> 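Handing you a structure now.
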There are 2 protein chains.
Amino acid sequence: MVCTMEPTPGAATPARLRTTPSWLLTQTAAHAARLVAEGLGALDARGYHYRLLAALDEFGPASQADLGRRCGVDRSDVVAVLNELAAKNLVRRSPDPADRRRNVITLTTAGRRELHRMGDTLDRVQDTLLAPLSPSERDELNRLLTAVLDHHSGR
Amino acid sequence: MVCTMEPTPGAATPARLRTTPSWLLTQTAAHAARLVAEGLGALDARGYHYRLLAALDEFGPASQADLGRRCGVDRSDVVAVLNELAAKNLVRRSPDPADRRRNVITLTTAGRRELHRMGDTLDRVQDTLLAPLSPSERDELNRLLTAVLDHHSGR
DNA sequence: ATCCAATGTTGGTAGGGCCAACATATCAGA
DNA sequence: TCTGATATGTTGGCCCTACCAACATTGGAT
């Protein structure tokens, strides 16, 4: 879905906007989000799902709070996403014997399989997104964005 | 207020995410949006308000449909934002004698003044956002984002 | 014991980005 | 000139990401 409400061709966008980094960033991100939504949507998933599955795959079983911290997802949102993932048997949620406050979230085999499928479609999405950039330009973009991101994070 | 639900320091973010352009983009954009919201919020405004005012200032009076097309804002959202701007006397909405379907939206003196105030705070926001980048890096980022944006737009 | 911190949950909120439908008005072609 | 396709302003609604507040339960530290 999403047909993007971007400035329509034929109607010039104000220069004040075109030259503002925050505008460039949010507009480009909107395109990225749209493409990601389309890609993951075909797999009946959203960005949040991929994030959590990726963290589970890379770091192994974890508590919900850990997952949220790693992926930048609020605790309350983690709950909802995990409910959905668990309903599809992509993860298992079991109480942590060592700390009864926690749940241990484990990636299932089906979950790992889905993760890979999502990863593949996301790879294609990146390519579509960055189509106009050369490999070195893509690297440079990644570098700059990472710098900004690191700066505004805990570091 | 938005305190950003970013990956918490101490908890590593999955490499799969850290190296994915679309993730870098949306996360950075989230920071940008947060900073913009804080800045404009202090002036009791939002991004949409700035966009429309900027277009009016740069291109003069326009119809609502034109404004929406120029700024990438849906017609229905333009209505709401214009209601708010008109309530504050920042714009005037009058029927177009030449085409009775349209309204002619005009920037008022107060509107132009507010626009400048917003522009000033947004300038500061850009500086905060891009703090870790050198001037040439900022230019490069702008260039790359513009390329991606142009590619995915009407061109 | 006590108090503070962390965890999982529920239930909101806000902004940006859309869509469908409608009445009214315009315009181009038959 | 009649007519069907289009454009415009409006209303009402939906979704996703990003948060926040509050609460009960469980751990930890003192």
Side-chain angles (χ1 to χ4, degrees), chain A residues 1-8 11 22-23 25-27 29-34 36-38 40-41 45-51 62-69 71-84 86 93-105, chain B residues 1-8 10-11 22-23 25-38 40-41 45-52 62-69 71-84 86 93-105:
Chain A
M1 307 318 73
V2 193
C3 255
T4 299
M5 194 61 256
E6 68 202 6
T8 300
S22 65
W23 195 77
L25 226 26
T26 52
Q27 292 303 303
H31 280 287
R34 178 171 52 84
V36 167
E38 282 174 6
L40 293 186
R46 283 170 300 151
Y48 275 0
H49 298 124
Y50 181 75
R51 294 196 205 175
S63 72
Q64 300 185 186
D66 277 357
L67 284 177
R69 274 185 293 259
C71 306
V73 176
D74 191 88
R75 271 156 50 203
S76 59
D77 298 318
V78 171
V79 174
V81 174
L82 247 28
N83 286 341
E84 297 166 6
R93 190 197 242 133
S94 42
D96 186 339
D99 184 339
R100 292 190 325 211
R101 289 173 302 182
R102 306 186 183 191
N103 288 328
V104 178
I105 309 301
Chain B
M1 268 320 15
V2 192
C3 251
T4 298
M5 192 63 255
E6 68 202 8
T8 300
S22 65
W23 193 78
L25 225 27
T26 52
Q27 292 302 302
T28 309
H31 280 287
R34 179 172 51 85
L35 294 173
V36 167
E38 283 174 4
L40 292 186
R46 283 171 299 149
Y48 275 2
H49 297 125
Y50 180 74
R51 294 196 205 176
L52 299 193
S63 72
Q64 300 183 187
D66 277 357
L67 285 176
R69 274 185 292 258
C71 306
V73 176
D74 191 88
R75 270 154 53 202
S76 59
D77 298 318
V78 170
V79 173
V81 173
L82 247 28
N83 285 341
E84 295 166 7
R93 192 197 242 130
S94 42
D96 185 337
D99 185 337
R100 293 189 326 210
R101 289 173 302 180
R102 306 185 184 192
N103 287 329
V104 177
I105 310 301

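Residue numbers begin at 1 in each chain, while the letters A, B, ... track the order of the sequences. Quick caveat: nothing in here was measured; it's all calculated off a predicted structure.
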> For B/Glu38 and D/dA18, give me the distance from atom CD to atom P, rounded to whole Å.
16 Å
> Would you say A/Arg34 places a side-chain N or O within less than 4.0 Å of OP1 or OP2 belonging to D/dC15?
no
> Once you round it to whole Å, what is the distance between C1' of D/dT17 and NE2 of B/His31?
13 Å
> B/Arg102 has a side chain; which of D/dT11, C/dT7, D/dG9 sits nearest to it?
D/dG9
> With heavy atoms under 4.0 Å as the rule, sort A/Thr26 into base, sugar-phosphate or nothing.
nothing
> Can you name the one residue among B/Leu52, B/Val104, B/Asn103 that meets side chain to side chain contact (heavy atoms under 4.5 Å, CB included) with B/Gln64?
B/Asn103
> What's the CG-P distance between A/Asp74 and C/dG11, to the nearest Å?
16 Å
> Is any side-chain heavy atom of B/Val78 less than 4.5 Å from a side-chain heavy atom of B/Arg69?
no
> Please check the phosphate of C/dG8 (OP1 and OP2 only) for any side-chain N or O of A/Asn83 closer than 4.0 Å.
no
> From the set C/dG17, C/dG16, D/dT8, return the single nucleotide nearest to any side-chain atom of B/Arg46.
C/dG16
> Grab the CZ-P distance between A/Arg51 and D/dT17 for me, whole Å please.
7 Å
> Between A/Gln64 and C/dA6, does any side-chain N or O lie under 4.0 Å from OP1 or OP2?
no
> Between B/Arg51 and B/Cys71, is there a donor-acceptor pair closer than 3.5 Å when you use the side chain of the first and the backbone of the second?
yes
> Find the distance between OG1 (B/Thr26) and NE2 (B/His31) and round it off to the nearest 0.5 Å.
10.0 Å
> Would you kindly give the CZ-to-P distance between B/Arg93 and D/dG9, to the nearest whole Å?
9 Å
> In whole angstrom, give the distance that lies between atom OH of A/Tyr48 and atom C1' of D/dA18.
5 Å
> Could you tell me the separation between the OH atom of A/Tyr48 and the CG atom of A/Asp74, rounded to the nearest 0.5 Å?
7.5 Å
> In whole Å, I'd like the distance from the CG atom of B/Leu52 to the P atom of C/dG15.
15 Å
> Can you tell me whether the side chain of A/Ser76 and the base of C/dG11 have a donor-acceptor pair closer than 3.5 Å?
yes
> For a quick check of understanding: with a heavy-atom distance under 4.0 Å over all strands, which category does A/Asp77 fall into, base, sugar-phosphate or nothing?
base
> Output one line per pair: protein atom, nucleotide atom from nucleotides 21-27 of chain C, and distance, for all N/O pairs under 3.5 Å.
unit_1 : atom_1 : unit_2   : atom_2 : d
C/dT26 : OP1    : B/Arg100 : N      : 2.9

> Evaluate side chain to side chain contact (heavy atoms under 4.5 Å, CB included) for A/Asn83 paired with A/Arg93, printing each intermediate quantity in order.
CA-CA 9 Å; A/Asn83 286 341; A/Arg93 190 197 242 133; 2.8 Å; yes
> Side chains of B/Leu82 and B/Ile105, heavy atoms from C-beta outward: is any pair under 4.5 Å?
yes
> Give the rounded distance in Å between these two atoms: CZ of B/Arg69 and P of D/dT6.
15 Å
